[in-house]
Q: 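One structure, pasted below without further comment.
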Amino acid sequence: MNQIIKTEQFSENVVKLVVHAPRIARARKPGHFIILRIDEKGERIPLTIAGADEKAGTITLVAQKVGVSSQRLCELQPGDEILDMVGPLGRATEIHNVGTVLACGGGVGVAPLLPIVEGFKKAGNRVISILAARSKDLIILEDEIRKWSDEVIIMTDDGSYGRKGLVTAGAEEVILREKVDECVAIGPAVMMKFTALLTKKYDIPTQASLNAIMVDGTGMCGACRVTVGGETKFTCVDGPEFDAHQIDFDELLLRLGGYKQDEVDAFERYLSTQK
Amino acid sequence: MQEYLKMEREQAWRIELRNQIKNKERTALPRVKMPEMDPQERICYQDREVNLGLDVENARREASRCMDCVNPTCIEGCPVSINIPKFVKNIERGEFLEAAKTLKETSALPAVCGRVCPQEKQCEASCFYTLKLKKDPVAIGYLERFAADYERESGQISVPEVAPKNGMKVAAIGSGPASLAFAGDMIKLGYEVTVFEALHEIGGVLKYGIPEFRLPNHIVDVELDNLKKMGVRFERNFIVGRTATFEDLKEEGYCAFFVASGAGLPRFMNIPGENYNGILSSNEYLTRVNLMNAANDEFDTPVLKGKNVAVVGGGNTAMDSVRTAKRLGAARAMIIYRRSREEMPARVEEVHHAEEEGIEFINLANPVEYFADEKGRVNRMRIQRMELGEPDASGRRRPVVVEGSETDIDVDVVVVAIGVSPNPLIPSALPELKVSRWGTIEVDPESMQSSIPELFAGGDIVRGGATVILAMGDGRRAAAGMHRYLTESK
């Protein structure tokens, strides 16, 4: 059940997992996510699907160590099994031919961005991708993104790879240079917030995919609520993608910190049991 | 039905039993008291049941209060029409396993219903004692629980007979009480039944919603095992319409579907500050504790433990939440309810237990705004006083705002338990399905058939929000309706 076929360490805290899940591999579309629980004690973790191989019956996930459960997920090896996995969840990305699409990915946000980039390219768009991270070793899936992009711009905070600067610097340059019809931004909430502010200035429709806290992922708990255009929405069933110009990112940022202290406490407990 | 009841009542043992004790003596007996765990002790445990159950002697004495009426009005009060006098009289004569068998003739989950049904509004409300004698009714709920528990503890659990397989495959979507009742009936009729559940646990609200101190999980598991023994298949982590489409499942041989996907979306009040951290739905709060074991440090899922916890609402879910908060160590655990105690939809017993446990009731009050610290964590709520006006559509007196009555309460966790809206997952997968403007699936009330002929529905996805037993009643009617549809269409 949900056997891990392959793993790849992208960086110290980021791991790619290829998991056997034939039904999900067949049904998923760009933008969809899954929820998994590694074992009886694990949390339910939402992860956006980074790709799928329908023939092999596998899906690709990219996980980052942030708490105990994700730490344990990142330590799994090929042959190990994930106890529970359900999906695909959420609404699929609306992909159509609009002209030129600017795809901005920050950190592990590049993983969910990949199928969307692929989708837009296949729909006949010109796709310009910007990959951003703190440093070179945190830039992931560059080759895969290149395959479906007309141009790729790499931005790093420390200048260790590509150009030095934030994602917004790269994005603004493109916007000033040519007509951009639509923008997609996936990454840390702060990165999406500033990308949205930039594209709003230039009046470019922008979608952002949110990584809210979730429990069930089917609309039942409301942990993932977010304010969009003044209305409360549930990220799991109404999203995860929303009109980035309507999202209350400041509220989202506060809500993402809602269990910070519990996570820190749990992580310390976990480390003490590992000694 | 009437004929069958009459025939059963005329059995020799029933006549003999009736003649043993005079009715006058029966009615002179006081109603039994349910032994309970001490309130101060029980609030230290999340998973210890409050009600301890009747012993043999008390159960038989209570059963002897029942007069085995010619016209058993109690049955009319039961949504699944349990033959109440028959099971009660079996307890009186000491045939406890027979009593359990009687329950299972019509109910797939007697140990559950004996614990969570609002008997005071159903069977016990239409007991002869209540209606005519103006006395405390026979404790039918306690006796139901007694019979089911006795059977389970005896290790001699009877598995109902199943008809030979008829070769037809049907699916139930969701694994809560409606689906379990449906599955139990359909498997008896010879269908191949698969129950699809979105979560990683079978049982729906019985597992994620109702806490262990009211309904222990191992009790639900025994009832699920029984269904498995009868041949019902369970598929967890499977969302019909997503993991596979209805078309996919039809290709896999399923010829009809029963949708009982429950009331998904928790309602909020849409008042300022409601999205601050520390304010959560009862669904989230209870799911973290009941399904994810968040109160136990060995499990990874966290839950917010507050010192001052306010729970908004007056239903069973509100009681479950506030009593959970008390057990997680809250110094103040409060109910904020906009009507008065009399209008509370919660079971009387739950309100009573909550009071014993030191829950504060701030009735005739409604939240209007929340305030938070610099990190966005709620630290204060503003409430407004209410008074009761004219009755509204539900027959309950409408709460009216008392102007200028705002006061503030310190809180660090707020649980909103004001109801749920239907889960949109299934209707969104079937655009041709007829739904009401509230998003509930529209069905024929007799057959539970929807606008799509091979699709039936029941439970909260049809009712919007109801009880375990009403959901089970829907499951049973849907099973009968689907059976009729499938045999006639052949």
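All chains are named by letter (A, B, ...) in the order of the sequence lines, taking the proteins before the strands, and each is independently numbered beginning at 1. What you are looking at is a predicted structure, and each value in this text was computed from that prediction instead of being measured.
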Q: Identify which part of A/Leu89 has an atom lying under 4.5 Å from any heavy atom of chain B, answering side chain, backbone, both or neither.
A: both
Q: Counting C-beta onward and ignoring hydrogens, is there a side-chain heavy-atom pair between B/Arg242 and A/Val86 closer than 4.5 Å?
A: no
Q: With side-chain contact (heavy atoms from CB on, under 4.5 Å) as the test, would you mind laying out the steps for B/Leu291 and A/Val215 before giving the verdict?
A: CA-CA 10 Å; B/Leu291 183 74; A/Val215 184; 5.9 Å; no
Q: Within a strict 4.5 Å, meaning less than it, do heavy atoms of the A/Cys221 and B/Tyr208 side chains meet?
A: no
Q: Treating B/Asn283 as the side-chain partner and A/Met220 as the backbone partner, does any N or O pair qualify as donor plus acceptor under 3.5 Å?
A: yes
Q: Counting only heavy atoms closer than 4.5 Å, note whether B/Asn293 contacts chain A via side chain, backbone, both or neither.
A: neither
Q: Using non-hydrogen atoms only, which part of A/Ile213 is less than 4.5 Å away from chain B: side chain, backbone, both, or neither?
A: side chain
Q: Could you tell me which non-hydrogen atom of B/Asn277 sits nearest to which non-hydrogen atom of A/Leu254, and how far apart they are?
A: ND2-O, 2.7 Å
Q: Could you state the interatomic distance from CZ (A/Arg255) to OH (B/Tyr276), rounded to the nearest 0.5 Å?
A: 12.0 Å
Q: With a cut-off of under 6.0 Å to the ring centre and 45° to the axis, is A/Arg225 in cation-pi contact with B/Phe268?
A: yes
Q: Can you see which heavy atom on A/Thr218 is nearest to which on B/Ala198, and at what distance?
A: CG2-CB, 4.3 Å
Q: B/Phe238 and A/Arg23: which non-hydrogen atoms are nearest, and at how many Å?
A: CE1-NE, 3.5 Å
Q: Hey, is the main chain of B/Ala244 close enough, under 3.5 Å, to the side chain of A/Arg26 for a donor-acceptor pair?
A: no
Q: For residues B/Asp300 and A/Arg72, determine if any side-chain heavy atom of one lies less than 4.5 Å from a side-chain heavy atom of the other.
A: yes
